[in-house]
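One structure is given below, encoded as structure tokens.
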Amino acid sequence: MSYVIKIAGKAPVVDYALLIAGSLIDDSKAVSIQYIDGKTIPGTKISAQLIKGDEVVASSAGEILDVLADAFPKVLLAKDASEKWIKFAYEKLTIKNFKELSKDLETLEAHLNFRSFIIGYKITLADVAVWGCLRANPVMGSVIRNSVYVNVSRWYHFLESDKRFGEVATTLSKALNELKKEAKQKQGGQKKKVHMA
Amino acid sequence: MSLTDTLSNLKLSSLVPNSELSNEELALKSQWETLTADGISDDFITELNHFLSDKTYIVGEKPTTGDLTVFKAVFAKAGQWSKGDISVLAQHRHILRWVDLIQEEADVPVDQRIVLNFDSELPREVKE
């Protein structure tokens, strides 16, 4: 049975990590993404959900990544070792106050002194989560661009050059525009009908 | 196998062929190959370390023959730096990070690898 990731495209912290995980899995029969043009999933207060069949199997980014990593261990690597990084990413790296954030960026910077990836020598779930959270954090754009943290910028740009990371925001905004267009057409169609009646 | 043999037989499984590199990448790669052939001076080391501060590989997103050429030339020195104190580690941090990546990808025998303490407490580098 296949999974559907529902994602609120206008959440205060967009769950880019989930979209990247979807791209890494790269099998639309196994995992599809359903974009929602709003801040939350309708009828809930949450910004992402993982559905399998008719059932909600996970309803936070951490849980969703967990379930997907269990289902696709060959593409979402190092699940266990990534856990603390997923927690770190969602708890610390989504903070928008730079002063508060900078302490944790220093931790990441030190970690990347001798490391090209967060764990080992391949892209793991830890990279996906940390990169996704930094991408979603509006204060990070200029921090990355100006190489305030040299290692973080190097690592970030390296992953960004991978389309599965680098194109995630464009894919999302395209999907949201598409939704808007559809909604407008629907509305337009309905209005017309009313007029005709 | 001696280290010299290891280095001369070095192969990368995922080497990107020249045909897949852009002209700019080819030029940059050839520039580093030329600089390496000219000899490993202190200036070369400083420049290489700075160059690698914002690059995972010499060019592009995967290893090329450029990585192999430079790697072979600096590997022995990197082994010495890896045993140095914090200031030596800090001064060569980007080369060491890159050497560690390439030795993994080139599958250098474990007993010949440089060994890094990944959690060395280096002072944070501040870009001038």
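Letters A, B, ... are given to chains in the order of the sequence lines, protein chains preceding strands, and every chain is numbered from 1.
In the hydrophobic clustering of this structure, Ile144(A) groups with Leu105(A); members are Ile, Leu, Val, Met, Phe, Trp, Tyr whose side-chain heavy atoms approach within less than 4.5 Å, directly or through other members. Tracing side-chain contacts under 4.5 Å through hydrophobic residues (I, L, V, M, F, W, Y), one reaches Leu76(A) starting from Leu50(A); they form part of the same cluster. When hydrophobic clusters are built by joining Ile, Leu, Val, Met, Phe, Trp and Tyr residues whose side-chain heavy atoms come closer than 4.5 Å, directly or via intermediates, Ile41(A) is not grouped with Leu19(A). Residue Phe98(A) is not grouped with residue Val13(A) when hydrophobic side chains (ILVMFWY) are merged at heavy-atom distances under 4.5 angstrom, including chains of intermediate members.
At most 12 heavy atoms of other shown residues, nucleotides or ligands fall within 6.0 angstrom of atom NZ in Lys92(A). Shown here is Asp85(B), whose CG atom has more than 12 heavy atoms of other residues, nucleotides or ligands within 6.0 Å. More than 12 heavy atoms of other shown residues, nucleotides or ligands fall within 6.0 angstrom of atom CG in Asp70(A). By the 6.0 Å contact criterion, NZ on Lys55(B) is enclosed, its count of non-hydrogen atoms from other residues, nucleotides or ligands being greater than 12.
Neither the backbone nor the side chain of Ser153(A) has a heavy atom closer than 4.5 Å to any heavy atom of chain B. Looking at Leu101(B), both its backbone and its side chain come within 4.5 Å of chain A, counting heavy atoms on both sides. Using a 4.5 Å cut-off between heavy atoms, Asp162(A) does not touch chain B at all.
When side chains are defined from C-beta on, Val150(A) does not count as touching Arg124(B), because their heavy atoms never get closer than 4.5 Å. Within the 4.5 Å cutoff, the side chain of Asn113(A) has no heavy atoms near those of the Glu125(B) side chain. In this structure the side chain of Phe114(A) never reaches within 4.5 angstrom of the side chain of Asn117(B), judged on heavy atoms.
Inspection of the Arg154(A) and Ser53(B) side chains reveals no N or O donor paired with an N or O acceptor under 3.5 Å.
The two residues Leu112(A) and Arg97(B) have their closest heavy-atom pair at O-CG, 4.4 Å.
Rounding to the nearest 0.5 angstrom, the gap separating the NE2 atom in His157(A) from the CD atom in Glu61(B) is 11.5 Å. If you take OG on Ser116(A) and CH2 on Trp98(B), they are separated by 11.0 Å, rounding to the nearest 0.5 Å.
By number of non-hydrogen pairs under 4.5 angstrom with chain A, the leading residue of Asp119(B), Thr56(B), Leu89(B) is Thr56(B).
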